[in-house]
Structure formats: C-alpha cells, structure tokens
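Heads up, the thing below is written out as structure tokens.
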Amino acid sequence: MPDYDFKKIEKKWAERWLKDKIYEPDLSKAKKPFYNLMMFPYPSAEGLHVGNMYAFVGADIYGRKKRMEGNDVFEPIGLDGFGIHSENYAIKISKHPKEQAKVSEKNFYRQLQMIGDGFAWDEKLETYDPEYYKWTQWIFVQMFKKGLAVRRKANVNWCPKCLTVLADEQVLAGECERCGTEVIKKELEQWFFKITDYAERLLNDLDKIDWSEQVKTAQKNWIGRSEGASIKFPILKSDFNIEVFTTRPDTLYGATYMILSPEHELVQKLENRTQNLEEVKKYIKEAKNKTLEERIAEGKDKTGVELKGIKAINLANKEEIPIWIADYVLAGYGTGAIMAVPAHDQRDFEFAKKCGLPIKMVVCPHYPEKTCPVLDSAYVGEGHLVDSGKFNGLSSEEAKKKITEFVGGETKVQYHLRDWLISRQRYWGPPIPMIYCEKCSWQPVSEEDLPVLLPDTKDFRPTGTDKSPLATVEEFAKTKCPRCGGEARRETDVSDTFLDSAWYFFRYIDHKNKKKPFDKLRARKWLPVDMYTGGAEHAVLHLLYTRFLTKVFHDWGLIDFAEPFKKFRAHGLLIKDGAKMSKSKGNVVNPDEWIERLGADVLRMHLMFIGPYEQGGDWRDESIAGIDRFLNRVWNLGQKIKKEDGGSVSETTLHQSIKKIGEDIERLHYNTAISQLMILLNSLEKGPGKESFKTFLKLLAPFAPFLAEELWRETGEKESVHKSKWPEYEESKTKESVKTVVVQINGKVRDRFEASSGASDEGIEKEALGLQKIKDGLAGKKPKKIIVVRGRLVNIVL
RNA sequence: GCCGAGGUGGCGGAACCGGCAGACGCACUAGCUUCAGGAGCUAGCGAUCGCAAGAUCAUGGGAGUUCGAAUCUCCCCCUCGGCACCA
C-alpha cells in the first residue's frame with residue numbers, strides 16, 4: 001500500500017475535475033479542437049476488465065499531453081450497449097436486456113470514473129437510448145431512399161447458437177465472431193447495405209490516412225481487389241453461356257474444362273439435357289449440406305461430378321470441353337463458375353489429376369527453349385506462351401489483354417468484399433424502420449415517426465426461426481402503410497450492432513441535437529477525428545463500417561470529408577502468463593481490486609510500463625511493486641520540497657527528459673517515457689529544487705493524473721496541472737558538455753577518455769593515440785586507418 | 001499458402017538514422033537499518049575463465065556488406081495476429 005492516502009486524493013480530484021469541468025471543451029467555440037477518440041466499450045459482462053483499462057489509459061495519456069499543449073481536447077465516452085453481446089449476457093443471467101442495461105450502465109460508468117481518464121462526461125451517450133437510435137434508424141431510412149439499403153434473397157451466414165444471420169465480416173474462419181459456433185448457410189431474404197459500391201474508394205483512400213499498417217493491410221486483403229477478365233464460354237447446341245472471371249486470361253488455351261459451383265443457376269437450366277441427372281443431384285445435395293469448415297477441411301481432396309452430355313466451347317481454340325460441378329468453386333465469388341486451367345492453377349491441377357482430365361501447359365518458363373517441365377504441380381508463374389495459336393511467344397503479361405480481346409471478353413476488376421448484411425433476428429437492437437405493404441411493397445417509416453421504439457416484451461429471447469422475437473409482438477408488427485394508409489406490417493428484424501457503432505463519433509459532438517443527427521458546422525470543426533485508438537480485432541469490422549458510413553455521409557452532403565479518422569493506432573493485447581485472459585483459464589485480472597489496493601495512478605502506470613502500447617504485453621502481479629515504489633518516492637520528494645527548496649537537478653537530464661518523454665508519448669512508447677521519468681526522479685532526489693520538481697510533475701501528469709495534481713496544488717498552484725503548459729526543452733541543453741570517447745583497436749574497446757563535445761577530430765585522435773593502453777596495444781605497429789566519430793569513439797585499424 | 005508484427009539476461013523490456021549490447025524496472029544475492037515487515041537504504045547481478053586486473057564469447061540460425069552489425073542485404077527456422085479452395 002502506498003504511503004500516501006491515494007483513496008482520498010483520487011476521490012477528491014475526480015470530484016473536483018467534474019465540478020470544474022476541466023475536461024469539457026466548448027464544442028461550438030473551441031479554438032484548437034482536438035478530437036481524441038477511443039472505441040467505446042460494449043457492456044457485455046460483469047464489468048470492464050483490465051484490457052479495457054489498458055486501452056483507455058493509453059489513449060488518455062495521448063489526449064492529456066495534447067491538452068497541455070494548448071489544444072481543446074475532446075475525449076468522449078459512452079456505451080455500445082445494444083447488440084448480441086449485451087443481449088446474450090442478459091439472457092445468460094435471466095434478466096431482461098433493458099433491465100440489465102441499467103445495471104451495466106451504472107457499473108461501467110463507475111469503473112470508467114475510477115481510472116482517471118479526462119472524459120467529457122457531459123457528452124456521454126448510449127446506443128440503446130431512443131434519442132440515439134432514432135438517428136440510427138434515420139440513417140437506415142436514408143440508405144433506403146438512396147438505394148443503398150436493399151432487400152434480397154441470398155445464401156447467408158446463420159449462427160445456430162445466436163439464432164440470427166451474420167455479416168461476412170462477423171464470420172471468422174467459419175465461426176461466429178461472438179460465440180465461436182460454426183456458422184451454417186441459409187437461403188433467406190434480408191436487408192443489405194451496398195458497401196460493395198464503395199469498394200474502390202475504400203481501397204484507394206487507405207493511402208491517404210495515417211493508420212497502423214497492420215489494419216490497412218487487413219482491410220486491403222478483405223476488400224480483395226483483383227484485376228482480370230470476364231470471358232464467356234458458349235454451351236454447345238444452346239443459347240446459354242458460362243461466364244467466368246479469371247485473372248489469367250493468358251492461359252485461356254490451357255482451359256481444358258469448366259466448373260460450375262453447385263449453387264450455379266445454369267445447373268437447373270441444363271437439367272433436361274443432363275444425362276446423369278440423378279448423380280448430379282445427389283452431389284449437389286451433399287455439397288450443400290457441408291459446412292464451410294468441412295469444405296476447407298477436405299483441402300486438396302477435391303470432389304466433383306461431370307454434367308454428362310453437355311459441352312462448352314473454348315472460343316480461343318474452338319475446342320469442346322466438358323463441364324463439371326465441384327464445390328471447390330464458390331458461388332459467392334466472381335460469377336460462381338470458372339474456366340479450369342490445370343497446368344497453371346494448383347486447385348485445377350489437383351482436380352484434373354484426380355478426375356483424369358487433360359493438363360495442357362501453355363505458359364513456359366524457359367521460352368524459347370522447348371523444355372517445358374513435366375509438372376508435378378501447377379506452374380503459376382510468368383513466362384511465354386506455347387501451344388496458344390497465334391499468341392505463341394508472347395509474354396504472359398502481354399497475352400492477357402490480347403487474348404481477352406480475341407475472344408470478345410472484357411477486362412474486369414473483381415472484389416472479395418460483399419454487401420453488408422444488416423438484418424438481425426434478435427431483440428436487443430434498433431428495429432429496422434421499414435414497413436411492408438402488399439400494395440406498395442417496402443416503404444420507409446416517415447421521418448417524423450422516428451424513432452420506432454423497441455417494444456417492451458417478455459418474449460425477447462431469440463425464436464430460432466428466421467424471424468425476430470418482435471414478430472411475435474402483434475401490436476408492434478401491425479401498422480398502416482405510410483404511403484397508401486392500408487393494412488401493413490413492420491419489419492420485425494433489428495439492425496446489426498455494428499451500425500450503431502459505425503457513426504457514434506458523429507453524435508458525440510452534438511448529442512443533444514433534436515433536429516439532425518449532428519450539425520454540419522460542428523462536424524467541420526471537430527471532424528475528422530484527430531486520433532482514434534482501439535483494438536486491432538476491429539480491422540475489418542467496425543473500422544471498415546465507419547469508413548463506409550463516412551463516405552456515404554460525404555456523398556449525402558452531411559460532411560465535407562470522406563475519411564473518419566486521420567490517425568488510428570491499435571493498442572496491443574494484454575495477456576497474462578503468456579495466454580489470453582479468459583474466465584475459463586482463470587487468469588483474468590480484475591482492475592477494481594488493484595485500484596482498491598494501490599490506486600488508479602499505480603494501475604495506470606503499471607499497465608503502461610509493461611511494454612510498448614502498440615505491442616501489448618504480459619501482465620505480472622509482482623512487477624507492479626516497482627511503480628508503487630516509484631510513486632511513493634515522488635510523494636516523499638513532494639513532502640520534502642515543501643519544507644526545503646534549494647538544490648538543483650542536472651540541467652542536461654531535465655532537458656533530455658522533457659524531450660524524450662514528449663517524443664515517446666507521441667510515438668505511444670509509454671514504457672520508455674516512464675523509465676525516463678524514473679531517471680529524472682533519481683536525479684531530482686539528489687538535487688531537489690521546486691521549479692524542476694514542478695516540471696517533473698507536468699511530465700508525470702498524463703500518467704498519474706491524481707498524484708501529479710495533488711502535489712502540483714501543494715506547491716501553491718491554483719489552476720489544474722492538466723491545464724498547465726507542457727514544458728519545452730532547449731536542444732542545446734540536451735547535449736552533454738563532456739562525453740566519454742571509446743578507443744578501439746580493430747573494433748575492440750581498449751580504453752576510454754573524457755573529451756569536451758567541442759573537441760576537434762585531430763585533437764581526439766591525438767589524445768587517443770597518447771593513451772598508455774593504446775600504445776601497448778599498438779606495440780609499435782603503424783595504424784592502417786583511424787576512424788574518429790565525434791563524441792563517440794576512435795577506432796584504430798591495424 | 002498469402003499478408004502483418006515479432007525473436008535481445010532468470011523475467012518485462014531498452015538501444016534499431018550502424019558506433020561502449022542489456023537503459024529503466026521486476027526477481028534474486030550480500031550488507032546496513034528496524035521490536036517487526038510483502039518496509040526503507042547501499043552495493044552486486046548475461047555466460048565462461050580468473051584471487052584480481054582483465055580476457056573470450058554473446059542479440060533465433062547461417063552467409064554477406066563494413067574499420068565496426070541487435071541495427072543494413074540475402075537465405076532458413078520459430079512465435080503471435082489476420083486472411084484463406086477468392087479463380
């Protein structure tokens with residue numbers, strides 16, 4: 001336990017800061033706005049765990065420095081309280097989600113108060129507040145009106161445990177993002193947001209923003225742009241064509257068969273001509289029953305069935321080639337059909353080997369030598385064309401365009417990104433504000449009728465059908481058509497939680513606005529967000545959706561920028577004993593306990609001292625003692641300085657510290673900033689002086705805001721240390737006047753001496769050669785070369 | 001398989017625009033202090049050899065560039081994270 005009364009101090013300042021509103025910028029008049037945003041938490045379990053604290057403290061330190069540098073820092077907080085995570089927890093403890101939300105809210109805000117972040121509490125918001133979700137619904141209505149929200153039938157992801165559909169982004173390696181259950185496919189009619197319309201911009205604009213490389217790459221991969229060609233293969237004796245997308249049109253002469261995915265529409269259309277229809281139907285049935293995981297697990301053991309009696313024509317060489325159905329071709333990508341080039345695609349190669357299909361090499365790596373290797377795997381590299389009619393000898397790169405033109409194909413760009421499935425068959429979310437009328441089809445709820453309130457029902461549990469629990473609330477579902485006034489029914493699904501969180505940072509800046517989601521002038525002042533901090537696990541979820549909505553808002557004229565966050569940094573993962581913290585492993589660290597025992601300042605600094613913020617680290621109970629000792633020494637020094645003031649600290653150490661700590665905070669290297677604070681304290685203890693101690697307190701303030709404030713006021717200051725001016729350093733004073741010069745012979749240290757930093761190269765060299773140990777080392781030999789690095793070393797090469 | 005981040009003492013980590021490897025802290029050891037301590041202070045603390053001065057080795061492994069490499073280049077291995085039958 002610290003020597004000082006941290007409980008009293010922390011409580012006192014938390015209340016005082018709130019009263020004095022020191023963290024509340026004037027949102028309409030601020031002169032130097034700086035929006036320091038951190039991902040708001042979702043209240044899913046008993047409370048915040050230490051990983052959340054880690055995230056919030058790191059983000060806050062950055063904001064505190066910006067505030068001391070004279071910025072009007074806005075650091076809002078709220079709760080992402082709607083959604084499956086909160087609802088699942090409520091169900092688990094048998095409580096109504098609405099009731100549980102009240103409990104969680106209180107607990108979460110209590111914890112968030114404790115950690116000493118400079119939150120702007122006046123602007124807090126919760127996504128389940130009707131004042132908030134009114135605008136979430138408003139966004140949905142606009143999306144519909146602009147044609148960006150569409151209802152369509154699709155083969156969608158369904159989580160059998162959460163009993164709802166999921167967006168592609170919420171399926172991780174075939175499993176539900178929330179509960180880890182294997183996801184299955186269902187053919188359902190659902191609402192989608194057309195994020196694919198923005199694929200190109202979402203990809204290109206990544207180059208314009210300062211984000212972690214990790215996250216940018218994840219988004220690039222997810223959007224998955226590939227350039228290629230769209231080529232048609234006519235089906236013999238019919239009007240049908242098989243359209244395929246390929247990135248390798250240069251290998252067209254090597255296409256020896258076609259494959260349709262089991263879900264492909266042509267399969268049905270060709271039924272009456274299929275000679276082995278029974279066999280085909282059986283295969284399709286089996287394929288559809290397989291989960292994604294099973295398909296992947298089968299790996300190289302590819303299966304398929306030929307559509308007997310039907311042939312396609314390869315327009316390049318006019319050859320008739322067979323058509324197969326195989327589940328290694330995915331319905332959801334490209335056209336759901338491929339031209340198979342076994343010689344130059346590994347998957348096609350494996351399939352051809354297994355089914356005895358011809359493998360024809362058309363790109364040769366050794367051209368012009370005719371020594372095409374015998375393949376034991378596909379050759380996927382570049383080369384020159386062979387066996388390709390008039391294109392023989394062309395490089396594969398040149399051939400791509402020419403062959404595409406030759407067969408009447410088109411160059412095409414294909415994306416992996418798919419539309420955002422927005423419907424959820426659950427209770428705890430904003431009802432989708434749409435109404436279905438037999439006569440007028442789908443109509444949006446009139447804007448003046450928003451919000452569509454989530455009804456209080458006892459039957460909030462998921463139904464397990466493809467309908468939300470709201471469908472059972474007749475008085476909710478039954479309504480009038482906003483267009484014709486006739487009998488109509490409401491959409492009873494709610495929207496995805498990720499829609500709630502895709503725009504919350506817009507609402508923070510104007511959260512009391514009754515007329516609009518937010519004011520355009522305020523947005524111009526505060527947005528885009530200057531610094532955003534959060535977990536990297538949202539790389540292709542939240543962070544992609546926010547970018548999408550921002551672009552949409554831009555196109556609607558609500559804002560005049562197209563990227564939400566100028567700078568984004570992902571903090572690392574905090575683990576314990578080398579493993580992710582989890583209740584089942586029993587290695588969860590409870591932050592409340594540590595705050596109780598040692599105080600928030602100690603917890604904050606310990607978390608930040610573990611390792612570089614962006615890298616995360618391994619929590620160890622025992623090493624928190626180091627920070628506890630450190631802050632006690634700070635306290636004791638403060639008491640000492642109250643009585644006696646006279647000593648002075650090394651000016652060089654002081655200026656070096658100001659420089660290093662400032663730069664380290666900027667780089668988010670809080671661990672090394674803290675070690676520099678320790679070095680400065682060591683020095684201060686030897687020569688305590690009030691003025692340098694006050695500088696130290698300013699440098700300490702972002703890390704240990706309570707203690708720094710207490711000691712700052714004890715020096716007689718009337719204003720908060722957090723409103724004081726961040727110290728400046730003089731570059732010249734960071735340099736030592738005398739430096740140790742190392743003298744090496746052949747790169748090995750033999751001696752060292754002190755030299756003034758102004759000494760000339762010649763002088764240093766002379767002094768080095770004059771040293772007795774060096775004379776001994778040289779033993780009369782003549783140096784070949786002497787290297788002098790000023791202020792560092794002399795290397796004598798023999 | 002592809003992409004990203006890493007690999008340094010007993011531990012967390014520092015140095016990485018090439019220049020004394022191990023800052024700062026934890027743990028540990030010894031001493032002082034204390035009625036006592038999960039307290040404080042002082043000193044030591046990579047390995048090997050040595051009484052010592054000192055010497056040699058050492059930043060995942062191997063090559064290379066250089067007077068000089070944890071840092072730059074190439075190859076390989078391992079760990080973590082993301083994506084993945086994407087045509």
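Being a predicted model, the structure only gives us computed values, none of them experimental. So you know, we letter chains A, B, ... as the sequences are listed, proteins then strands, and number each from 1.
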Under the side chain to side chain donor-acceptor pair (under 3.5 Å) test, which residues partner Asp168(A), sequence neighbours left out?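 Listed in chain order: Asn157(A).
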Nucleotide N/O to protein N/O under 3.5 Å, stretch nucleotides 26-32 of chain B:
unit_1, atom_1, unit_2, atom_2, d
C26(B), OP1, Arg629(A), NE, 2.8
C26(B), OP1, Arg629(A), NH2, 2.6
A27(B), OP2, Arg629(A), NH2, 3.1

Could you give the distance separating [M] and [N] at their [atom1] atoms, to the nearest angstrom?
N: C45(B); M: A27(B); atom1: C1'; answer: 11 Å
N: U8(B); M: A70(B); atom1: C1'; answer: 7 Å
N: C78(B); M: A23(B); atom1: P; answer: 32 Å
N: G13(B); M: G60(B); atom1: P; answer: 14 Å
N: U29(B); M: C67(B); atom1: P; answer: 48 Å
N: U65(B); M: C74(B); atom1: P; answer: 15 Å
N: U66(B); M: U71(B); atom1: P; answer: 16 Å

Could you check which of A87(B), C83(B), C85(B) has an atom nearest any side-chain atom of Ile338(A)?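 Looking only at side-chain atoms, Ile338(A) lies closest to A87(B).
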Check every atom of C3(B), C85(B), A87(B) against the side chain of Asp327(A) and return the nucleotide holding the closest atom.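 Per side-chain heavy atoms of Asp327(A), the pick is C85(B).
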Do other residues, nucleotides or ligands put more than 12 heavy atoms under 6.0 Å from [X] [atom1]?
X: Glu731(A); atom1: CD; result: yes
X: Lys232(A); atom1: NZ; result: no
X: Lys353(A); atom1: NZ; result: no

Can G9(B) be described as syn, meaning its chi torsion is within 90° of 0, or is it anti?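 G9(B): syn.
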For atom [atom1] of [X] and atom [atom2] of [N], their distance in whole Å:
X: Leu330(A); N: A84(B); atom1: CG; atom2: P; value: 11 Å
X: Lys686(A); N: U42(B); atom1: NZ; atom2: C1'; value: 12 Å
X: Phe351(A); N: A87(B); atom1: CZ; atom2: C1'; value: 14 Å
X: Phe349(A); N: C85(B); atom1: CZ; atom2: C1'; value: 16 Å
X: Lys576(A); N: C80(B); atom1: NZ; atom2: C1'; value: 20 Å
X: Lys400(A); N: A87(B); atom1: NZ; atom2: P; value: 11 Å
X: Lys354(A); N: C85(B); atom1: NZ; atom2: P; value: 18 Å
X: Gln219(A); N: C3(B); atom1: CD; atom2: P; value: 19 Å

Check every strand shown and say whether [X] touches a base, only sugar-phosphate, or nothing at a heavy-atom separation below 4.0 Å.
X: Leu573(A); result: nothing
X: Arg750(A); result: sugar-phosphate
X: Thr740(A); result: base
X: Glu213(A); result: nothing
X: Leu793(A); result: base

Keeping to residues at least two apart or across chains, list the salt bridge (Lys or Arg N to Asp or Glu O under 4.0 Å) pairs with something in residues 662-681 of chain A.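 Passing the test, one end in residues 662-681 of chain A: Lys65(A)-Glu666(A), Lys66(A)-Glu666(A), Lys660(A)-Asp664(A), Asp664(A)-Arg667(A).
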Tell me which pairs pass salt bridge (Lys or Arg N to Asp or Glu O under 4.0 Å) where either residue lies in residues 210-223 of chain A, with sequence neighbours left out.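 Matches after skipping sequence neighbours: Asp210(A)-Arg569(A).
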Verify whether one side chain among [X] and [Y] offers a donor that lies under 3.5 Å from an acceptor in the other.
X: Glu169(A); Y: Tyr545(A); value: yes
X: Ser657(A); Y: Gln676(A); value: yes
X: Arg547(A); Y: Gln219(A); value: yes
X: Tyr283(A); Y: Thr303(A); value: yes

For nucleotides 67-69 of chain B, tabulate all protein N/O to nucleotide N/O atom pairs closer than 3.5 Å, reporting atom names and distance.
unit_1, atom_1, unit_2, atom_2, d
C67(B), OP1, Lys785(A), NZ, 3.4
C67(B), O2, Asn795(A), ND2, 2.4

Contact list please: residues 245-254 of chain A against RNA chain B, heavy atoms, distance less than 4.0 Å, in numerical order.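 Contacting residues: Phe245(A), Thr246(A), Thr247(A).
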Partners of Tyr333(A) by ring-ring contact (aromatic ring centres under 6.0 Å, His included), sequence neighbours excluded?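 Scan of Tyr333(A) (ring-ring contact (aromatic ring centres under 6.0 Å, His included), adjacent residues dropped) gives none.
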All ring-ring contact (aromatic ring centres under 6.0 Å, His included) counterparts of His264(A), not counting sequence neighbours: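 For His264(A) there are no ring-ring contact (aromatic ring centres under 6.0 Å, His included) partners, ignoring immediate neighbours.
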Is there any protein nitrogen or oxygen under 3.5 Å from a nitrogen or oxygen in nucleotides 13-16 of chain B, and what are the pairs?
unit_1, atom_1, unit_2, atom_2, d
G13(B), O3', Asn671(A), ND2, 3.2
A14(B), OP1, Asn671(A), ND2, 3.0

With sequence neighbours excluded, what pairs up with Ala399(A) under the side-chain contact (heavy atoms from CB on, under 4.5 Å) test?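 So Ala399(A) forms a side-chain contact (heavy atoms from CB on, under 4.5 Å) with Asp250(A), Leu385(A), Leu394(A), Ile403(A).
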Aromatic ring proximity, centroids under 6.0 angstrom, Tyr670(A) and Phe609(A):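 Distance test on ring centres: not under 6.0 Å, no.
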Looking only at the aromatic ring of each residue, does the gap between the centers of His606(A) and Trp594(A) stay below 6.0 angstrom?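 Centroid separation for Trp594(A) and His606(A): 6.0 Å or greater.
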Does a side-chain heavy-atom distance below 4.5 Å link Phe498(A) with Trp420(A)?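 In contact.
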Verify the contact: side-chain N or O of Arg347(A) to OP1 or OP2 of C86(B), cut-off strictly under 4.0 Å; return yes or no.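 Yes, such a contact exists.
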Mind pulling the stems RNA chain B is in, i.e. runs of at least three Watson-Crick or G-U pairs, everything under 3.5 Å?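 In RNA chain B, stems of three or more pairs: B:1-7 with B:77-83, B:10-12 with B:24-26, B:28-32 with B:40-44, B:46-49 with B:54-57, B:60-64 with B:72-76.
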Under 3.5 Å, which N/O atoms of the protein pair with N/O atoms of nucleotides 44-47 of chain B?
none

